[in-house]
Amino acid sequence: MLVKLSSSTLKQAHWYEYVVRFVLGGLATVAAGLIGSHFGLAIGGLFLALPAIFCASATLIERHERRAKEKAGFSGRRRGQQAAALDAAGAGLGSIGLAAFAAAFYAVVSASITGAFAAAILAWAMVAVSAWWLRRKLRTTSSRPQPERGARSARGWSFLP
């Protein structure tokens with residue numbers, strides 16, 4: 001699956017799905033604030049770094065992919081799971097980039113705040129893109145999941161069990 005930016009996906013979501021994302025994100029932020037006020041700012045900051053809306057996003061991605069396959073007359077359960085798993089992998093790679101952002105900002109902030117932001121953004125971009133590239137190069141073709149039964153692949157129809 002190729003990574004690409006598409007504004008058409010914004011039209012696929014219902015308004016209440018965005019509400020769920022924002023409410024869960026807000027609740028996670030409030031919980032991090034409560035944890036921070038009780039256990040200290042350093043511990044609260046760790047929880048604030050938590051991808052607050054990841055769970056809601058993963059379930060919405062799974063649902064959209066499953067519905068799209070079901071509209072075509074196929075079982076979309078596996079496709080939805082694969083799409084959510086791909087999103088989780090991207091979140092993990094983004095988290096590695098976020099750690100690089102924090103380290104670069106911490107290292108440079110005493111000299112210059114503007115420089116710290118510039119260095120942190122550059123570190124995040126370099127690490128996240130490198131992690132994505134490395135994951136893409138290291139994955140093996142034998143570990144690719146088989147297409148769903150009756151699913152159309154690039155090579156034609158597949159009716160694997």
Side-chain angles (χ1 to χ4, degrees), residues 1-13 17-66 68-69 76-148 153-154:
M1 187 178 289
L2 293 176
V3 177
K4 61 183 177 179
L5 181 64
S6 172
S7 62
S8 67
T9 57
L10 295 174
K11 297 174 187 171
Q12 294 175 355
E17 293 172 333
Y18 290 110
V19 171
V20 168
R21 289 181 185 184
F22 287 117
V23 167
L24 289 177
L27 288 174
T29 304
V30 168
L34 293 173
I35 290 169
S37 67
H38 188 266
F39 294 104
L41 296 179
I43 301 299
L46 291 175
F47 283 92
L48 192 56
L50 167 77
I53 62 170
F54 172 72
C55 295
S57 296
T59 58
L60 293 175
I61 288 168
E62 186 274 336
R63 186 182 315 152
H64 283 286
E65 289 295 322
R66 184 175 31 87
K69 288 294 268 188
R77 188 176 139 261
R78 187 171 179 183
R79 173 68 176 253
Q81 290 171 346
Q82 290 171 345
L86 183 63
D87 187 57
L93 295 176
S95 295
I96 295 168
L98 183 60
F101 179 98
F105 189 88
Y106 180 78
V108 180
V109 73
S110 60
S112 166
I113 293 176
T114 306
F117 274 112
I121 290 169
L122 183 63
W124 167 79
M126 289 175 39
V127 169
V129 170
S130 296
W132 173 80
W133 180 84
L134 186 63
R135 179 189 176 273
R136 184 172 177 162
K137 291 296 178 186
L138 292 180
R139 71 179 182 191
T140 60
T141 56
S142 63
S143 67
R144 286 192 183 163
Q146 296 295 324
E148 292 182 27
S153 69

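Judged as a side-chain contact (heavy atoms from CB on, under 4.5 Å), and not counting sequence neighbours, the contacts of Ala123 are Ala100, Ala104. Legend: residues meeting side-chain contact (heavy atoms from CB on, under 4.5 Å) with Ile121, ordered by chain and number and at least two apart, are Phe101. In this view, Val23 and Val19, Leu27 satisfy the side-chain contact (heavy atoms from CB on, under 4.5 Å) rule, not counting sequence neighbours. For the side-chain contact (heavy atoms from CB on, under 4.5 Å) test, residues two or more places apart in sequence or in another chain that qualify with Ala116 are Phe105, Val108, Val109.
In this structure, Trp132 and Leu93 approach most closely via the heavy-atom pair CA-CD1, 3.7 Å. Closest approach of Glu65 to Gly80, counting heavy atoms only: CB-CA, 3.8 Å.
Distance CD/Gln81 to CZ/Arg66: 10.0 Å, rounded to 0.5 Å. The distance from atom CH2 of Trp133 to atom CG of Leu138, rounded to the nearest 0.5 Å, is 8.0 Å.
Within 6.0 Å of atom CG in Leu134, more than 12 heavy atoms from other residues, nucleotides or ligands are found, so the atom counts as buried in its surroundings.
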Sequence neighbours left out, cut at 3.5 Å: what donor-acceptor pairs do the side chains of residues 32-39 make with other protein atoms?
{"unit_1": "Ser37", "atom_1": "OG", "unit_2": "Gly33", "atom_2": "O", "d": "3.4"}
{"unit_1": "Ser37", "atom_1": "OG", "unit_2": "Leu34", "atom_2": "O", "d": "2.9"}

